[in-house]
Amino acid sequence: MGKLKENNVAVKTEVTFKERLWVVIPVTLLIGLISTLVYNHHAEFSWNGFVGGFNQEFLIFFSIGIFAQLVDGTLGMGYGATSTSFLLAYGIPPAISSTGVHVAEMFTTGASAISHHRFGNINKKLVKHLLIPGVLGSITGAYLLSDVIDGDAIKPFIAVYMIALAVIIIRKAMQKNIIKKKTKRLGILASFGGFMDAVGGGGWGPIVTSTLLGRGRNPRYTIGSVNAAEFAVSFASGITFMIFGGIQGWQVIIGLILGGVIAAPIAALLVNKIKRQPMMILVGVLIIILSLRTLSKLL
């Protein structure tokens, strides 16, 4: 009897340790990232510059961060597409937009992953299948955008890509009576989603989440799991952007981070309470309008 109790205690301790890792790993990585950024870039900041940065522009980026994270946390898609569309429409260059979005996502997806874990929205097996292929795809895309592709040259293509993502979101929203099918080639799906997310400044959710939901997977666990995997994907692409392209657009990054971190727990709480169909259609239409506005400025 005593031995059985000891075994139960050991199993419970192991489970508790594994559960804690889902919170400990994101928190440790984020603390490490903040420390590195402060150490490497402290000379670029002054108190006057810091205070002066909190102006009307900052409030715009902060509002974009809140809205984009509420969209992403409740729908499992749309952070990159929403924030990138707004930033491009506001006149921020593609390289700064994509870097800003992905560095901000390192924090917002970390907060989102912890929040979804707290509310029990994660399928750990699905996260493991998406993690490594998604990370490899995002590193490749981030390297190409930082060091090989001219951001200004691909700006119209990104706007068209955003419209395509918006159409996918709306199409998925209109589907009824989805029959559950087994999802094959999860690795290929995750690699493609990670690559397009890094190059286009968005796409992980619309590509990965919409495909999984389209195959009849449970929305709650799909959204929570894809958001959790997105932390690793965003972290990988954000680090790659930092190594090859440096950090630009601090005001954009800090605004998106603060807005996103505040909105993340609210979004995780709302994931089962909000009506998905009207929200998805609204987000899709909004992205199309913003992308058309960006295209009209370029043509």
Side-chain angles (χ1 to χ4, degrees), residues 22-23 25-34 36-37 61 64-65 68-73 75-84 87 94-117 122 127-128 130-146 165 189-209 223-245 247-249 252-261 263-264 267-268:
W22 286 84
V23 175
I25 290 171
V27 169
T28 306
L29 287 172
L30 291 176
I31 291 170
L33 175 63
I34 292 168
T36 306
L37 290 176
F61 302 138
I64 292 170
Q69 186 56 44
L70 283 173
V71 168
D72 191 74
L75 299 182
M77 64 182 84
Y79 182 90
T82 306
S83 50
T84 302
L87 292 172
I96 293 177
S97 293
S98 199
T99 304
V101 167
H102 283 93
V103 173
E105 274 192 312
M106 293 159 90
F107 293 89
T108 58
T109 54
S112 187
I114 292 166
S115 302
H116 277 296
H117 179 262
I122 292 174
V127 174
K128 287 171 187 173
L130 297 173
L131 212 61
I132 294 171
V135 164
L136 294 175
S138 70
I139 290 171
T140 307
Y143 166 70
L144 289 175
L145 186 61
S146 297
L165 286 184
L189 175 67
S191 298
F192 180 65
F195 178 81
M196 293 308 294
D197 187 77
V199 172
W204 172 257
I207 290 167
V208 180
T209 306
I223 291 165
S225 304
V226 173
N227 266 269
E230 191 176 13
F231 171 64
V233 170
S234 299
F235 210 91
S237 56
I239 293 290
T240 309
F241 277 121
M242 285 183 196
I243 292 168
F244 292 103
I247 297 284
Q248 298 172 47
V252 174
I253 293 167
I254 293 169
L256 291 177
I257 288 170
L258 290 178
V261 168

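Owing to the predicted nature of the structure, the values given are computational and were not obtained by experimental measurement.
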Review point. What are the two closest heavy atoms between Ser83 and Val101, and how far apart are they?
Key: OG-CG2, 3.6 Å
Review point. Quick one: does Val233's side chain get under 4.5 Å of Glu105's, heavy atoms only?
Key: no
Point to revise | Check against side-chain contact (heavy atoms from CB on, under 4.5 Å), Leu256 and Phe107 | key: CA-CA 9 Å; Leu256 291 177; Phe107 293 89; over 6 Å; no
Practice item. Sequence neighbours left out, what passes side-chain hydrogen bond (donor to acceptor under 3.5 Å, both in side chains) with Asn227? Give chain and number order. Key: Ser112
Review point. Has the side chain of Thr82 got a donor or acceptor atom that lies under 3.5 Å from a matching backbone atom of Tyr79?
Key: no
Study note, to complete from the structure: The reported gap from CD1 in Ile223 to NE2 in His116 (rounded to nearest 0.5 angstrom) is 7.5 Å
Review point. Rounded to the nearest 0.5 Å, what separation is found between the CD1 atom of Ile114 and the OG1 atom of Thr109?
Key: 9.5 Å
Check your understanding: Within the distance-only criterion (no hydrogens, no angle test), does the side chain of Ser97 pair as donor or acceptor with the backbone N or O of Thr84 below 3.5 angstrom?
Key -> no
Practice item. Taking all non-hydrogen atoms of both residues into account, name the closest pair between Thr108 and Gly260 and its distance. Key: CG2-CA, 3.4 Å
Check your understanding: Should we say atom CG of Leu258 is surrounded by more than 12 heavy atoms from elsewhere, each under 6.0 Å from it?
Key -> yes
Review point. Going by heavy atoms in the side chains, are Val226 and Leu130 under 4.5 Å from each other?
Key: yes
Exercise for review: Sequence neighbours left out, what passes ring-ring contact (aromatic ring centres under 6.0 Å, His included) with Tyr143? Give chain and number order.
Suggested key: Phe244
Check your understanding: Can you tell me how far the CG atom of Leu144 sits from the CD1 atom of Ile139, to the nearest 0.5 Å?
Key -> 12.0 Å
Check your understanding: At their closest point, which heavy atom of Ala198 faces which heavy atom of Ala142, and how far apart are they?
Key -> CB-N, 3.4 Å
Check your understanding: Taking only residues two or more places apart in sequence or in another chain, which ones pass ring-ring contact (aromatic ring centres under 6.0 Å, His included) with Phe231?
Key -> Phe235
Exercise for review: Give the minimum heavy-atom separation between Val135 and Ala236, together with the two atoms involved.
Suggested key: CG1-CB, 3.6 Å
Exercise for review: Locate the shortest heavy-atom distance separating Ala104 from Ile253; write the atom from each residue and the value.
Suggested key: CB-O, 4.1 Å
**Study point:** Close side-chain approach of Val208 to Asp197, heavy-atom, < 4.5 Å
**Key:** no
Review point. Looking only at heavy atoms, what is the nearest atom pair of Ala111 and Ala264, with distance?
Key: CB-CB, 3.8 Å
